[in-house]
Amino acid sequence: MSVLSQRPANAIVGQEMPHEAANLHVTGAALYTDDLVGRTAGTLHAYPVRAEVAHGMVTKLDVTPAYDVPGVVRVLTGDDVPGVNDAGAKHDEPLFPTEVMFYGHAVAWVLAEDLEAARKGAAAVVLEVDPLPALITVTEAIKAESFQGARPTLERGDLDAGFAQADHVFEGVFEFAGQEHFYLETHCSLALVDENGQVFVQCSTQHPTETQDIVSHVLGVDAHEVTVQCLRMGGGFGGKEMQPHGFAAIAAIGAKLTGRPVRLRLNRNQDITMSGKRHGFHASWKVGFTCEGKIVALDATLTADGGWSLDLSEPVLARALCHVDNAYWVPNIKVAGRIAKSNKTSQTAFRGFGGPQGMLVMEDILGRVAPKLGIPAHELRRKNFYTAGQTTPYGQEVRHPERIASCWNQVWRDGELDRRMAEVQDYNAGHPYRKRGLAITPVKFGISFNFVSFNQGGALVHVYKDGSVLINHGGTEMGQGLHTKMLQVAATTLGVPLDRVRLAPTRTDKVPNTSATAASSGADLNGGAVKDACEQILARLEKVKADATEELGWDDLVRKAYLDRVQLWAAGYYRTEGLSWDASIVQGNPFKYFAFGAAATEVEVDGFTGAYATRRVDIVHDVGDSLSPLVDIGQIEGGFVQGAGWLTLEDLRWDTSDRPSRGRLATQAASTYKLPSFSEMPAQFNVQLLQDAHEDGAVYGSKAVGEPPLMLAFSVREALRQAAAAFGPEGTSVDLAGPATPEAVFWAVEAARANAG
Ligand code: MTE
Ligand code: MOS
């Protein structure tokens, strides 16, 4: 056990606690950024002027008519940018564009006394755009060779030799959709300027430091003139890792120019049509198997549909390449990656960050070819698991590969898969119009940012004279329970009861140079930093204790330390050791460890409609020694359902016609974009944490949990495939669309039936 991972007796980490703000969430008392508007006098409201064409050049922008609208105070255009007119980290995202890059792109913003006046002002602005040809789908972009950014290739072994060993070779193409984040709280920023011209931006952001960077670049000021605070988010899911920056910058420019607070909050329709989503991918592949079902070679090309600008597409693609293998040993492999540039929103981080897309390609391959090999899909998967000593295609050893099998076996046992698989067969034999499927899939997910520099965290811990503790750390709270865990870590390290510790909102002037709360590493990084800060304070208190003539309780010890002039606060820091990554050759040791899991799902499909229900889900997931078991189980349940939404329900449709509405997102609201709800929840949902799962490399033996469980949902998709196949003869291989909506399942059923013909 490492010093970092070792737990003291009676640790508060590991105890079941509700989310630290659960009461506030469920009573509506929790404050989100937009709730501050009512508490901020004189706030102006921002509304975008948007182009209704997928691609084109702005030929005229006349803002004067907006000023005739009562209540309009100021219209912001590119001329108002004091610094750099760019909202991204790659300098390919003009904040005020002259070239419209996607349908609904904002070219100017109107500030007014109220939102309605701002809306009317925006409608009064005269905007003319000369349309240009637009690429909407990823296949159109590929055909036009419209790519952006790096084109990395992951390679290991010898493909030719691999295919020469293969008894069976299969080829396929698979294009699958992205996903809308649909966080409940849409993008929101509130910017204020103080008497010295310093800017304070309250923002719903996963990455306050980068919001600060972009705001300061756009304003042309130093970072120390801009402070960003994030109270909490009503969900981020990756959608607020990069995308808030431009909106925050608009609010900040407005505040600078008018001297008044400026609020920019997107309504749902604006949020869904203006902000980036999960990348849809196009994959073409060729795979070789031995007759025993061992994978010997994989040759694939993955094309991420990046949308109009790079945003996080390069790291998303890198993570996709690093997860094509999922839990399987692939001795000879070559996967080429590229990023399509298309006229859509700029696609971005979304829970799993490319990992799900990479893994989906492999799971889809295995699901498709298993019947062709005459091997049950679960057996085919099981056969190819990593074993001790093997390395990933990017050269990292897979530590604890036996945990894949441990999770799997426990799901098998507790999910009673032997019995239930037989029952499914009986059921299918007796029901010509309804079929069931039961599938089990594994997850292996790498934890740490691929970009090594991001793997650092900071914290600021104050012990006040009365013994109460206030902690601040660089991570943001988006519902995932990071703050709950950090309170538990601080209380554990200091050895004080939980109610002596309070947590203050994330601010860039408290902890600087933070990384995004992303890559599931929030607790690893900030937990390490909180622990470090607490240990510094403890070490000083030890000396005070040694000098004391009597045994002192915490409060008295702290009091004495203060009187003895001993510093009672500390800045903590943590960096993840042992990481390396060369993005250009896609090689290194990018991950501190892997999170593992397995899930089995049973579905029932109606052959007349393709409609389906999820009957039962069994999950065993590896969170190390859990920091906070209730929080972790919530993350597993939520991640799984969100993954099932992506794979089976949520259907982003863009207008691909040649009408003027080409490129318009047709699914702009909850009415047309189907999210998982109570009716899609599994009737039976059993989630267990893998026991005896200590992780040496992370704070108090824990593992990250935020993203990996999303990929447990492959089991839903594979169960649907198997149920659809059951409508055809034995050995039917089913191609399933992504997402496998009821409609897509219906067509898969039809194809399976035709197979019988
Ligand atoms: N859980 C909730 N409730 N809301 C969220 O927005 N985001 C997910 C995950 N779980 C999210 C969530 C994503 S994309 C990540 S990367 C992690 O939480 C980030 O938090 P962590 O690093 O503290 O796990
Ligand atoms: Mo999560 S996609 O890394 O914000």
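Only this structure's heavy atoms are used, side chains among them; waters, hydrogens and symmetry mates stay out. Each ligand, and each atom within it, is numbered from 1 in the order the structure gives.
Using a 4.0 Å cutoff on heavy atoms, G235 counts as a contact of ligand 1. Residue contacts with ligand 1 do not include G475, since none of its heavy atoms lies under 4.0 Å from the ligand.
Checking only distances, Q635 does come within under 3.5 Å of ligand 1, N or O to N or O. The shortest N or O to N or O distance between G352 and ligand 1 is not below 3.5 Å. Checking only distances, Q206 never comes within under 3.5 Å of ligand 1, N or O to N or O. Ligand 2 has no N or O atom lying under 3.5 Å from any N or O atom of S520, backbone or side chain. Checked against a 3.5 angstrom limit, the closest N/O atoms of A519 and ligand 1 fall outside it. Between S521 and ligand 1, at least one pair of N/O atoms sits closer than 3.5 Å.
Considering A519, G355, G706 only, the shortest heavy-atom separation from atom 3 (O) of ligand 2 involves A519. Nearest residue to atom 22 (O) of ligand 1 from G638, G639, P709, G522 is G522 (criterion: closest heavy atom).
Judged purely by atom type and a 3.5 angstrom limit, E241 has no side-chain atom pairing as donor or acceptor with the backbone of G236.
With a 4.0 Å cut-off on non-hydrogen atoms, R351 touches ligand 2 through its backbone and not its side chain.
Counting only heavy atoms of the protein, atom 4 (N) of ligand 1 lies nearest to M478 O, 2.9 Å.
Considering E185, H207, H181 in turn, E185 is the only one that fulfils the side-chain hydrogen bond (donor to acceptor under 3.5 Å, both in side chains) rule with K240.
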